[in-house]
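To start, the structure under review is shown below, and the notes come after it.
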Amino acid sequence: MQTAQVFSFHGGIHPEENKTQSLQLPLGKPSLPKELILPLSQHIGQASVPLVAIGDQVLKGAPIAANNGLLSSHLHAPTSGTITAIESRPIAHPSGLSDLCIVLQPDGKETWTELKPLPNWQQLDATEVISHLADMGIVGMGGAGFPTQVKLQGAHKKPLSHFIINAAECEPYITSDDTLIREKTRELVLGIELFQHLVQAEQVTIGIEDNKPTAIAALNKTLTECNSKIQLVVVPTKYPSGGERQLIQLLTGQEVPSGQYPADIGILCQNVGTCVAGYEAVYLGKPLISRITTLTGKALNAPQNVDVLLGTPVAHLLAYADLQEKQLNRLIIGGPMMGYTLDSAAVPIVKTTNCILAANKKELPAPAPEQACIRCGMCEQACPASLLPQQLLWFSKSQELEKAEHYNLFDCIECGACSYVCPSSIPLVQYYRHTKSSIRDAREAAVKSDLAKQRFEARKARQDAEAAEKEAKRLARQQASASKAVQTKKTAPATKTTEKSALNASNSEAAPQINDTTKKLKVDVAIGKSKLKKLQKQLVEAQEDERLEDISALQLHVSEQEKALVELETELAKAVKANPTKKPSDTPDNSVEKAKAPANDALKKAKIDAAIAKAAVKKVEKALKKAEELQAPEVDAIRQQLADAKKRADELEKVLDNPSPSTPPTEQKPAVSAAQLDLASQVKKEKIAVALAKAKINKLNKRLASSPEDAETVSKDIEAAQQQLVQAESLLATLIESQHNSQETS
Amino acid sequence: MALLRITSPHTQRAGRRTSWVMQMVIYATLPGIIVQTWLFGWGTVINLAIAGVAALLSEAAILAMRRRPIRFFLQDYSALLTAVLLGIALPPTVPWWVTVTAVSFAIVFAKQIYGGLGNNPFNPAMVGYAIVLVSFPVPMSQWLGVSSVVASGEMLSFSQSLQAIFHQLPVIDSYTMATPLDGFKHKELLDSQSAFETLPALQAASIDSWLWVNLAYLMGGLALLWLRIITWHTPAALLGALLVMSGLFYVFDTSNAASPFFHLTTGAAMFGAFFIATDPVSSCTSNRGKLIYGAGIGILIYIIRTWGGYPDGVAFGVLLMNFAAPLIDYYTQPRTYGHKKAKTGLKIGGDH
Amino acid sequence: MTEYLLILVSTILVNNFVLVQFLGLCPFMGVSGKLETSIGMAMATTFVLTLSSLCSYLTYTYILQPFGLEYLQTISFILVIAVVVQFTEMVVHKTSPLLYRVLGIFLPLITTNCAVLGVALQNISKQNGFVESILYGFGAAVGFSFVLILFSAMRERINVADVPVVFRGSAIGMITAGLMALAFMGFTALVQI
Amino acid sequence: MFTVLLAIGILVVLSLIFGGILGYAKVRFHVEGDPIVDQIDALLPQTQCGQCGHPGCRPYAEAISNGEAINHCPPGGQATIQALADLLDVEAIPLDGDHGTETAQRVAVIREDECIGCTKCIQACPVDAILGAAKQMHTVIADECTGCDLCVEPCPVDCIDMVDVGITAKNWSWDKPQGVAAQSLNIIATDRSTEVSQ
């Protein structure tokens, strides 16, 4: 079975392993702590949104915080009990800062909520199973806490050539994956097969370092028993072979291109812990509420691995492993190479905590004072990413950010191999981290200043336009009254003297038309804005109301609406700009030209509208598809939207087709049709609003049926929604009426 | 609980400190020093002592002026290493003030003025050597000969060495002779075969003595390689380039050029390759850069030895390549993981 | 042929205008702060030096000598150099605005680069022929560019070194240039010209 | 006498020829426009705060290209001055205190229960970062706020605070290490003091 070729990567180091200490005792099961602290950011991406309030009773496994954005994840109650606080607590973070946490006081009963396993997952659609994994709050348990659903879905970007299970666990001291493999071999194999099915990988490889013979034997045995095709590849022990990119190089000989993900070259990497969590989520319906963590270090009398509930304070675990307070000198989350120190033991275990290292002074002595870099090049020989650490240090010290970036600072994986071998004890990794964040800050500042510039310029343009419009209106009024006077006085055929007034008259006709279009655009913008607000409100409501399934759809709507709004605004700006510039070019001779100008405008607008409408159709189609995937309840609404949008697009295209061949346009028709188009778009928007309101009512009704206990609030909501609906409908009616009117007048 | 809060990694490779590296390099010169003392008398040892004291004093003086912790920086052994390298390179009978000038110039102007260890762009020892070479050419060209070839027929005694260094030794001329390189350089119109037959500096005993010295430094250098303090790139490239250059010209013009073996085993070839050119601070950074750097020194050594004004070219070759090292660094970055091609130059942006 | 090669070796290495003859130190110190700038300056100087040594040779041989006005060489060479520099500036401005901006004040300052006048005068005093004059100017320019680029790469490193405050900037630059001149003494007696 | 006249004549002819060449080159290689303003503008922080005495960043960029000093921009601080100095190849000078001092990044926050809905701050905001309508409570979009202070002055009830952007676990970063020997020996390296401010 170990026939596969093992490649090698540049550099790497061989620190003392120190893995045996924590493997002496069997897997421990600490008691329930007095309280569980559950940070809302246990993963990369945005913090989750709490679903519970202080005083709520929750059952074990019940969701207590919801996914809030693409890279976010759900969070579940690790045990049954009462929510006592939602407040800022110190979290496991290198900064030692606090963050928002849900505090749960266990009632000791460990009452499980209703578990929903997916026994028939093989028959289900992959997306369904993946969304189930998302609902169970599974994130990558190896390091960064990347939400598993995102990773699995990302694997479809390219056909998978390799599916790698990371069991290398190369950091000294840590044995949690080792223990996990030994304890849950069967679950692991089933979990791997589950993931394999989900990502449709032909070949699965488990990469494991050769310093875990017991785990290798257990895996081999189980794989033979299961008659599994999973390949087990033993790689030589070298730090950092457990790094995702390094393991991929070891097993496939391929390198993940800089700035890309393994999925971009058809490789997927999953940690063993994630596989077991996936197994438990699908086979048993258990959300991710506990994990195996190594407690080790010389300050502990009983170093061991423990199966611990998320949120358990570190202090509780240290006590469990019999900590000698006086010995403790450094408390590290993670291993000695990449872990970070803690200020206090009050911080909780999170989904990604694989090790707690309570070291004494002798074990991890304080680093020697930093000396000058003599460019000895030992770091270069150790760097697994083939960087030039000494040059990077030089640039970091002098804050030459561009050069540091040029020397590929961002390919640094912060493994610490360079600092480990540095004879001058330079905290290289800290320099790199600082420089990386400086570069990121600079980039953010650049983006922000760009944005500010845009907004400033947009504002200036708007102010100018407003001023110009006012001026134009004033002029128009003046001239209109003047021309009226002229007309009443002289009704005779046009003479030389009337030439001027003709100019004025035509001007006054053209100007209001352009003003009309701008006005309408403005109305559109206003409507768009209010709609956006509504959608945002709905999103917030959805998040508040725990309607997990709506959130992503609504997020999509919001962004869509924002885009549409931006388009409208630019259109408006264009129209406004076009307005004052057009005037002076008008002469009495080219009145046809003049007439054409608004017509062309209208035509252009119609075209843009058509394009927007088409884009909308596409977007809604996409939304529909996604909604169908997620089986969201608002599918109907979206379908209706889609139909509307399609209809609208067709209409627009028809309109577009009709006037364009008529080369000599009359003065009014296109302008009026533009007006009609605006009206039509308003009508459409209102229609959508109506549809949305209806959908909302439907949903609320559903909820009313499903949860009669909060009937009161729901029915109130329904009432409100109905009111909205009525309003929207009446608005729609008036709009349609005005549309008819305008058609008649034309 | 007063817990330490520092960045990862939390563990360090034990023992291998900068001071350890410097000490090891100093120890690696020991075989060469012993052979030199055995062949040329106590002058080298006395030079080393003078140089050591001068280096530590000048380093301490500058540190005191800059209000830096003196002990901390003296303990990194870098000043001492510079002194040792200079003490070895200077002729064994050179007056004490030449040694002091060389060492203090090296420490003050080549090292401390740039900010001390790690900041110097030039190899301090070679700056010191070059400055006294161009300033005091006469004492710098007096090398002792092995006892069997020189006029007096014996080695300089310890007291005579002291006298030569601190005062004056009238009979010194009977103990000195040209080095093989010097002799070969000034063979004037002789072709190489007759030069090897007639010139005293090119007699077997004289050449053998330098062979021994070079072998001793080769041994020390191999020890440094084995300890992984230096990499093979610079010495191999240097010696390789010297070999190729001398080989080419030897094949091209056998009658006037010296053999590659002669070039590799006389003068400071091995000492320069393993101890001078490998100074990490002033050399190139990447492995590829080190290859270019070493090869450049090798070529320059041959050019200066053959056509230049000085018998040996290690010091100038190293200095010239020190000068070029920063630019070489820009164009010899290694290919980073995940990049198709190595980046070169200074263009900011993605892969080309 | 060998003679031409020797002229190049001589001007680039042995009698390097900056590090051995100490000509053109102003742009050498002024433009060596950044590698990109110095590469641009090196190209501009190479162009100007070669062109001006050619023009000055032509002026001298075909205008001054026939009329016996050799004593006007300095003033007429200055005239020639000024024109060549102005011309180069306009070309650079048109073709590479970026380089133009980077070189800034130093481009017109090539006029006062004594190396340019030095090359022209040395060409006369050495009684170089047409090809020799061009090669001599080109070699001098290459030598100038060579050390300028190396020096600027080195200065980028020195700029971030922990140099004592009093030695920051030009002081350490001059010291470095001195050490470099010391290194260039290794080429002494390589070629006698 | 003749030689003098000849010398003058030759020089005049030479000058005329060269003048002609230059004149031709001037026409042939004529360049228009000054793209420098865009580059200067790109370096300015775009807070549009007007502390430099110009109504926005671009006008100041234009002023710089016309010779105004580069040290009138407090929000950009020394970093911007350095960048401008690099761009324009002039010496970096310290920030001009008359135009304000460099402060940490801040955002405006409206104490919402005190807001009377006068819309004065909305009119003052150069980047439209304040939301609200007449007689309605206003609020600042923190992400869009550039911290320019311009809304503080017009507020009749002084309900706008400038708040430092705090450090959270998300935007926290490691400090730069203190450098050689500094951490354990606590040296007072006197000649480094200027380096820090550089």
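Owing to the predicted nature of the structure, the values given are computational and were not obtained by experimental measurement. In what follows, chains carry the letters A, B, and so on, assigned in the order in which the sequence lines appear, proteins first and then strands, with residues in each chain numbered from 1.
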Less than 4.5 Å to any heavy atom of chain D: does that hold for the side chain of A:Ile426, its backbone, both, or neither?
neither

With only heavy atoms counted, which part of D:Pro75 is less than 4.5 Å from chain A, the side chain, the backbone, both or neither?
neither

Taking distance alone, no hydrogens or angles, what donor-acceptor pairs closer than 3.5 Å link side-chain atoms of residues 131-144 of chain D to residues at least two apart or in another chain?
{"from": "D:His138", "atom 1": "ND1", "to": "D:Gln136", "atom 2": "O", "distance (Å)": "3.0"}
{"from": "D:His138", "atom 1": "NE2", "to": "D:Thr119", "atom 2": "N", "distance (Å)": "3.0"}
{"from": "D:Thr139", "atom 1": "OG1", "to": "D:Glu112", "atom 2": "OE2", "distance (Å)": "2.8"}

Do D:Arg58 and A:Glu457 meet the salt-bridge criterion of a basic N to acidic O distance under 4.0 Å?
no

With no hydrogens and no angle check, just 3.5 Å: does a side-chain donor-acceptor pair link A:Arg375 and A:Gln391?
yes

Give, as side chain, backbone, both or neither, the part of A:Thr435 having an atom under 4.5 angstrom from any heavy atom of chain D.
neither

Between A:Lys453 and chain D, which part of the residue has a heavy atom less than 4.5 Å away: side chain, backbone, both or neither?
both

Check this for me: D:Lys120, atom NZ, are more than 12 non-hydrogen atoms of other residues, nucleotides or ligands nearer than 6.0 Å?
no

Please classify the contact of D:Pro126 with chain A as side chain, backbone, both or neither, using a heavy-atom distance under 4.5 Å.
both

Check the orientation of D:His72 and D:His99. Use parallel for under 30°, tilted for 30 to 60°, and perpendicular for over 60°.
parallel

Check each atom of A:Lys460 against the heavy atoms of chain D and say whether the ones under 4.5 Å are side chain, backbone, both or neither.
neither

